[in-house]
Amino acid sequence: MANPCKSRVFAPLFGSFPSRNFFSHYFSTISIKKVTRNNFTSSFEELRHHVREADFVALDLEMSGITSAPWRESFEFDHSTIRYLKIKDSAEKFAVVQFGVCPFRYDNSTKTLIAYPHSFYIFPRKELPIDFPSCEFLCQTTSIEFLARHQFDFNACIHEGISYLSRAQEAEALHQLGLADVDHLPYSECNPKETREMPLVSFGDILFTERMKIKLSEWRDSLLRNQNCDYHFEENSSNCKLQFRTDFFKMRPSLLLSGFSSHQLRLIQQVIRKHFDDLAFIRINDENSLSQNRIVYTDWKDDRAKLMEEVRKDMQKVTKSKVDAAVGFRHVIDLLSSEGKVIVGHNCLLDIAHVHSKFLGPLPSTLAEFASSIHKLLPYIIDTKRLLISELAIQRLMKKTGTSLSSAFSFLCSQMVSSSDTSSSNSRPFFKVEVLTDEESSSNQSNPGAKHEAGYDAFMTGCVFAQICHLLGIDFSIYKGSDVVEHEKLQKHLNLLYLGWNSGTMVDMKTGQEIAHSTVTNLKKRYPKIQFSNIVLVWGFQKKFKPWEMKDIVTKVLGISSVTSVFYLDETAAFVQFSKEQYVQDFLVLKDTVERESGPLSVLHPLGKLLEGGNTRAAKYDIYKEICSSPLSRVLFADQTEAMGIKWKTKVEIQKLEQADVGEGGSDRKNEVVAEKKILRDGKPHMEGSEDCLSSESILDVLYSSGSLIFKKVRT
Amino acid sequence: MTHKWQRCFFSSSSKQWRIKQITKSNFSRILPQVKERIHGADFICVSSQKTGTFSAPWRRILPIDTPETAYCKSRDAAERFELLHFTVCPITFQGTKVIAYPYNFHLFPRDELNIGMPSYSFSCQTSYLTSMAQEGFDFNTCIYNGISYLSRVQESASKHQNGNCIPTTIPLTSSKPSFADAIFLEGTKSRVKHWRDACKDSSGSSDGALMKSLRKHILGSEVYGTRPCINIDVCTDNQVPLVAKMLNDVADDLVPLIIPHKNGTAKGIRVVLASSQEDRNLLMEEIQTLEEEQNKHFRGFREVIDAMSASCKPIVAYNCLTESAFIHSKFLAHLPSTMAEFMCSLRLVFPCILDVNHLMKSVRPLRKANNLHSALSYIKRQFFAPVEMETPYEVSEDIDVTHGHDVLRIAYVFAKLCSILKIFPSTGQLPIGYRSMMDFENAFYPCCVSIQEPLDAEPTIQIDKNKSKQVSTEDLIFLWGYENGISPDRLRKLLCDVHDAFHGGFQVRIIDDGCAVVGFEKSGSAERFLKDVESGEVESGALLDLIVGGLRVAGYNAYERVCKLGVWEGKLPNSLERALLGEPVASTAKTGMSEEHKSESMMLELSDL
């Protein structure tokens with residue numbers, strides 16, 4: 001490698017180390033390069049080199065949180081749309097605080113894999129004078145605690161974190177600043193707004209104006225008399241020093257103004273505009289956003305226009321470089337994208353979603369769009385979790401070990417150790433991983449690697465990937481760069497990412513298709529197969545309502561075999577899965593009816609207990625999608641719906657009853673509703689056969705009475 | 001800026017002021033001292049560092065806000081952001097000398113008890129964090145060593161969550177037990193009696209281990225500490241006092257403890273057998289201290305807030321509305337939905353709050369000062385107010401000079417203002433020529449709503465430096481959808497002739513990117529204009545062009561709805577649009593609101609925009 005490498009840690013994944021303890025101890029001494037805004041520029045150049053040479057790059061992100069509310073956690077009851085909505089919500093709300101990048105390069109001569117782990121501290125600092133809507137982020141208290149437990153340096157992140165702009169933000173910034181510059185530019189010329197006459201009110205203003213007039217004409221005259229005359233003017237007014245200094249600006253003599261107040265500068269401009277045709281007032285913001293005010297002498301009018309053009313070009317250049325600097329960490333993402341390397345992550349869909357929302361632009365509303373957008377950015381993504389779960393050879397090897405990153409890492413590596421011990425003679429050579437950090441970092445800018453530091457996690461992910469490849473018989477000495485994905489054994493895993501944190505469904509990033517994973521063997525089948533159309537979401541019941549009561553109550557009404565399962569989202573909401581789709585409708589209609597009834601039946605009815613408090617709401621599964629896509633996040637599900645302004649109690653078929661509820665809409669519609677109800681009433685044969693259910697007669701009565709009630713409403 | 005400010009601040013006070021820094025590690029050590037200082041103080045100044053203040057420029061408290069909308073904005077901020085520092089500074093006046101004891105508490109809403117409290121998540125405003133970082137704020141100390149806390153409501157909610165036994169001081173009900181309860185009680189009574197006899201009996205005997213375990217198994221006896229106990233399951237909450245009464249009748253050496261269920265109801269009763277009357281008292285004491293210990297652990301930093309509340313000392317703060325909304329939301333309870341409820345609730349805890357902003361507005365030349373710095377420099381230049389402040393701390397490890405200075409600034413400005421306004425800084429007999437601080441208490445700028453006064457007290461403030469005019473909220477309209485980036489002057493010119501409502505004189509202020517407020521000088525103009533635009537009866541072609549070009553108009557009630565319903569979008573126009581869309585339910589709210597609005601139409605000023 002081109003870089004002088006002082007600290008070389010050999011972490012052989014094979015051979016001579018007898019114990020796992022020793023092994024893990026060995027790895028813990030790995031140093032990770034810590035990159036902040038102070039050393040970003042230099043580190044980026046090195047990284048560019050490493051990435052270019054790399055065979056694959058492992059990524060890992062540390063975020064300020066995962067879920068914005070308990071009910072937004074990933075559940076087995078989640079439809080894939082919901083899973084995406086949850087990921088989207090998480091990526092939009094939380095910030096990335098640390099970004100681990102670890103390029104791996106296979107060195108043919110030494111037969112070792114060389115890793116360059118980096119931890120970038122990033123923070124969405126406002127570097128440009130533009131307000132982006134995303135100037136706020138959420139922190140999940142437990143995640144912050146978790147980071148603190150792993151010695152995360154929050155000061156480094158907030159004080160020295162590298163800022164970034166997404167591509168969308170960059171475009172927006174260029175657009176806005178480009179426009180803004182026209183306003184800002186030498187305001188004497190370009191901006192008609194500013195040419196408004198400023199009345200000289202105070203005596204001081206008049207005096208100042210007169211004095212400036214004299215001084216400026218003196219200066220101009222001295223220029224005309226003698227081109228090299230050094231004119232110096234200083235004045236001590238009360239406390240600050242006002243001064244002119246002559247120098248040259250764009251090959252023209254100019255006066256640099258300093259110490260004037262903005263009001264005084266405006267007066268000077270007015271003087272120039274009124275009395276000096278051959279002088280131009282110019283204000284420039286240089287790279288350090290210090291503004292300079294100058295008066296420039298121009299020979300004739302065309303020269304002035306030329307000067308203005310030059311200044312404008314300069315300003316644009318400055319703006320561009322400023323925006324470019326503000327792009328900051330996104331340069332790393334652009335680099336990964338342009339180099340087209342294989343990206344390796346562990347259970348990385350959320351990470352990828354963060355990459356999209358932070359560095360590309362707002363997340364699209366559907367999974368398919370998201371996938372295609374990401375596929376354009378990063379065409380080769382491999383998830384090690386997917387490999388661990390679906391490759392039977394590895395499954396057999398790992399037996400019951402979990403597929404979390406750290407357990408996979410320690411297991412796979414120690415497995416290597418023991419297997420090579422037993423069959424040292426005929427074993428294939430295992431990978432040796434060498435960690436290289438450059439000179440500078442070994443002194444003060446590197447952290448000793450620790451679990452849940454992004455750079456170290458990225459390193460572990462890469463190692464796991466390398467070992468899996470090795471176990472699958474993929475030889476890095478044959479495949480160079482991203483060719484490795486052409487290998488048939490990797491090909492089938494390429495761009496397949498798990499949706500959510502515990503699910504079996506995957507998404508193919510190339511096609512945007514969802515794939516149900518069938519070979520998952522270790523996922524417990526806790527719930528019977530989920531039929532989304534059979535699910536009702538019930539929420540807002542009282543807190544003292546006990547979990548087991550739900551099934552009890554519902555079966556009492558709809559029959560013992562009606563409920564397949566009940567799943568609690570949180571203490572205020574539950575999914576009830578029915579055995580038949582018909583029950584969904586029945587339940588909703590019945591609930592609606594009992595609610596309308598104010599008489600004794602509503603109290604005596606088994607559902608009465610569920611409806612206690614008067615805030616119990618219910619709707620079909622679809623409502624969950626709507627609620628998940630809301631930008632709001634309240635801790636309790638019931639509060640969330642309230643904050644979203646959901647006022648109805650029950651969302652019955654085609655939402656017509658809801659309108660009847662509000663008491664608006666044409667009477668035709670209400671008739672429809674009634675008609676619908678009638679049909680339901682007629683076709684109500686599913687009550688028989690269960691002793692403990694309410695007699696079907698009484699339910700029919702309720703339906704009748706409510707039906708006539710609605711009729712009355714319509715007529716009056 | 002702050003650095004500069006600090007320098008200038010310090011140079012004025014010859015010696016450096018010291019502030020005690022308090023984290024998790026020294027909290028319990030310093031707490032008694034803090035309580036003592038609070039008890040002995042004349043006033044308690046408070047300030048805090050948050051993770052953000054407002055999420056969008058228009059969500060600041062603006063001059064167009066009524067108390068109600070200002071409260072809605074503060075409530076949103078208090079619910080959204082988290083406290084990182086809370087500085088408490090008890091001060092005492094000794095003539096012209098002010099003795100201050102500033103304590104800066106580092107806070108973090110750590111979930112110490114593993115119950116998802118005090119906060120699941122919180123927002124951070126990046127620009128705010130950045131500026132805090134520039135001032136040298138130490139985030140690591142806060143997050144690693146910050147003191148946690150629970151609000152009063154959270155504390156009572158969490159007590160039954162963590163399954164500890166709380167000693168019962170169950171009120172003995174006189175209600176007759178139902179038939180079922182009577183049977184239950186009889187059964188329990190005999191069981192307890194039997195168990196008690198067995199315990200008393202076996203205490204002397206020397207049974208084998210097998211016998212002991214068998215007996216234990218049969219009787220269901222367990223051990224609470226060193227004493228034997230038995231658990232009784234109850235079906236309903238009202239059985240609890242019945243059982244307690246029954247136990248009281250059985251013997252006086254039985255101590256009932258409630259075993260709480262996760263959701264707060266009683267799951268059962270644990271009956272502990274004390275060996276004698278003294279032992280019973282000892283046990284009660286033990287439980288008492290255990291409970292106190294546990295409470296301390298629960299409350300965390302809130303101990304300080306409770307001590308402040310218990311002392312009934314006047315609280316002094318800057319930007320009181322926001323500050324007290326934070327205090328209420330983090331340490332007391334959820335914020336209620338209206339300002340009046342909030343003030344009532346707050347007053348129960350802190351009977352006297354003094355807002356430095358409000359005091360500043362009482363000094364005429366200080367009205368324009370919009371921060372402490374400018375106020376202080378103005379006071380220094382224009383007034384003779386000899387105030388000397390000192391922080392008599394010994395140098396020690398807890399002392400720092402960098403964090404929590406705001407509170408000293410507040411204390412200093414407050415002391416100066418007291419001297420200027422001749423406010424007698426104590427509750428004793430009022431000397432002649434002095435004003436009581438009662439005149440200023442519980443009036444929050446910018447709302448100037450005091451609990452004692454009726455809500456319709458109209459704040460009077462100037463619109464412009466030259467002309468002083470007030471605008472009623474009824475005469476305000478919001479405009480958006482006009483040409484972007486237009487200056488107020490051009491907008492004014494544009495509007496001048498579009499409708500005759502504008503002929504009576506009006507003012508324009510831009511309050512957010514692409515949204516302006518127009519204040520009509522003639523009452524009724526706003527209504528007329530809105531009506532005409534709504535009905536489409538537009539005569540002038542210019543207005544029609546504007547409307548076709550996307551101009552949108554809304555009355556003040558739309559803005560009220562935005563704040564009340566919490567339609568917080570990044571840009572005000574988006575929020576107004578959503579509020580105008582409104583659900584059918586909101587439309588009823590609209591009529592209700594406008595009625596209420598008529599009865600208390602607020603006078604506002606558009607200055608400082």
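Quick caveat: nothing in here was measured; it's all calculated off a predicted structure. Chain naming here is simple, since letters A, B, ... match the order of the sequence lines and numbering starts at 1 in each.
There is no side-chain donor-acceptor pair under 3.5 Å between A:Q640 and A:W539. For A:T67 and B:Y120, the side-chain atoms include at least one donor-acceptor pair closer than 3.5 Å.
Interface summary for chain B: among A:C139, A:G161, A:A148, the most heavy-atom pairs under 4.5 angstrom belong to A:C139. Comparing B:T51, B:T141, B:L129 by heavy-atom pairs within less than 4.5 Å of chain A, the highest count is held by B:L129. When each of A:G65, A:A643, A:P70, A:S68 is scored by its heavy-atom pairs under 4.5 Å with chain B, the top score falls to A:P70. If you tally non-hydrogen atom pairs under 4.5 Å between each of B:S119, B:A56, B:S127 and chain A, the highest count goes to B:S119. Counting heavy-atom pairs under 4.5 Å between each of B:E82, B:R80, B:E79 and chain A puts B:R80 at the top. Options A:E160, A:H159, A:Q140 differ in how many heavy-atom pairs under 4.5 Å they form with chain B, and the most are formed by A:H159.
A:F123 and A:Y121 have their aromatic ring centers separated by at least 6.0 angstrom. For A:F99 and A:F329, the gap between ring centers is short of 6.0 Å.
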Legend entry - Verdict with reasoning, B:F331 to B:Y149, per ring-ring contact (aromatic ring centres under 6.0 Å, His included): CA-CA 8 Å; B:F331 305 122; B:Y149 52 84; 4.9 Å; yes
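The side chain to side chain contact (heavy atoms under 4.5 Å, CB included) test applied to A:T572 returns A:D570, A:L636, A:F637, A:A638, not counting sequence neighbours. Residues meeting the side chain to side chain donor-acceptor pair (under 3.5 Å) test with B:T338, sequence neighbours left out: B:E341. Listed by chain and residue number, nothing satisfies the side chain to side chain donor-acceptor pair (under 3.5 Å) test with B:R75 (two or more places apart in sequence, or in another chain).
Proximity to chain B among residues 626-633 of chain A is not found for any residue, judged by heavy-atom separations below 4.5 angstrom.
When heavy atoms are compared at a cutoff of 4.5 Å, A:Q151 approaches chain B by way of both its backbone and its side chain. Interface remark: B:F108 contributes side-chain atoms only to the contact with chain A (heavy atom separation under 4.5 Å).
In terms of modelled atom types and a separation under 3.5 Å, the side chain of B:K73 and the main chain of B:W58 share a donor-acceptor contact.
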